[in-house]
Structures are given as structure tokens and as C-alpha cells.
Amino acid sequence: MSTDASPPAPPKQANNPLHGKTLEAIVTELSDYYGWDGLGERIPVRCFTFEPSVGSSLKFLRKTPWARDKVEGLYLFMLREIRRSGR
């Protein structure tokens, strides 16, 4: 048996803008870009519309996969919007 065979390396995710991003960083960037009011309009959940904060949003999003999917989708949309406008 040969001992020099190592397991294959995990695939790189260079084209995935979510790779390496924490949920906290995503929520913070979205709230900075859209503001809490704008974020609440785009994703109408209580953690964005009633006394919003990063902490309360993280608590909710970590327990609610469908809402996290919407936040990640909006984040990707925001990145495309920024790229198009050249900001």
C-alpha cells in the first residue's frame, strides 16, 4: 500500500462571492447599503422592520433558512448592482 497518496483538495470557490463571508458581514453590508428601512422593504421580516439590529437579525437568520436564503440572494443582487454602477 502506498502512503504518498493524499486525499484530493476541496474545490476552490473563487467565483463564489459568498465564500468566506460571515452572515454578520453580509447583514452589515446590506444595512449600510440599503439602510434598515430599505432592507425591511426588500425582505419584510420583523428583524429588519421592528427595532432592527445586526444582533437580532443574526439570531433570526441563523434559525430560519428561507430568510437566510433571501438575504444571501439580496447580497448577490447588491454586488451586481454595485458592479454595474461602478461604485
Side-chain angles (χ1 to χ4, degrees):
M1 201 185 312
S2 176
T3 58
D4 55 341
S6 60
K12 301 261 185 222
Q13 294 192 18
N15 293 332
N16 181 354
L18 295 174
H19 183 69
K21 279 282 186 187
T22 64
L23 186 56
E24 181 176 5
I26 291 170
V27 170
T28 301
E29 287 183 49
L30 286 170
S31 66
D32 289 347
Y33 187 77
Y34 293 112
W36 289 112
D37 289 337
L39 197 49
E41 288 173 12
R42 288 165 178 80
I43 304 172
V45 292
R46 187 172 169 87
C47 67
F48 296 151
T49 59
F50 182 74
E51 296 182 13
S53 71
V54 172
S56 68
S57 300
L58 293 176
K59 189 174 181 180
F60 174 74
L61 294 170
R62 287 184 177 130
K63 292 189 233 176
T64 318
W66 64 263
R68 184 179 179 144
D69 289 344
K70 287 187 175 284
V71 166
E72 290 173 348
L74 181 60
Y75 180 74
L76 295 173
F77 177 80
M78 179 193 77
L79 292 178
R80 284 190 304 270
E81 213 173 53
I82 290 170
R83 237 186 341 260
R84 283 185 198 136
S85 69
R87 288 189 207 176

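Keep in mind that this is a model prediction, so the values were computed, not measured.
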Is the shortest side-chain heavy-atom distance between Leu74 and Tyr33 below 4.5 Å?
no
At their closest point, which heavy atom of Gly40 faces which heavy atom of Thr49, and how far apart are they?
CA-CG2, 3.8 Å
Tell me, please, which residues at least two apart from Glu41 pass side-chain hydrogen bond (donor to acceptor under 3.5 Å, both in side chains).
none
Where do Glu24 and Val54 come nearest, in terms of heavy atoms and distance?
CG-CG1, 3.9 Å
Spatial distance of atom CG (Asp37) from atom OG (Ser31) [nearest 0.5 Å]:
11.5 Å
With side chains defined as the heavy atoms from C-beta onward, is the minimum distance between Tyr75 and Lys21 less than 4.5 Å?
yes
Is there a path of hydrophobic side-chain contacts, each under 4.5 Å between heavy atoms of I/L/V/M/F/W/Y residues, joining Leu23 to Trp66?
yes
Shortest non-hydrogen contact between Ser57 and Cys47, atoms and distance
OG-O, 3.5 Å
Is Phe48 close to Val71 at the side-chain level, that is, under 4.5 Å between some pair of heavy atoms?
yes
Working to the nearest 0.5 angstrom, can you tell me the gap between Ile26 CD1 and Leu58 CG?
10.0 Å
Tyr34 and Met78, any side-chain heavy atoms less than 4.5 Å apart
yes
Donor-acceptor under 3.5 Å (Ser85 side chain, Ile82 main chain):
yes
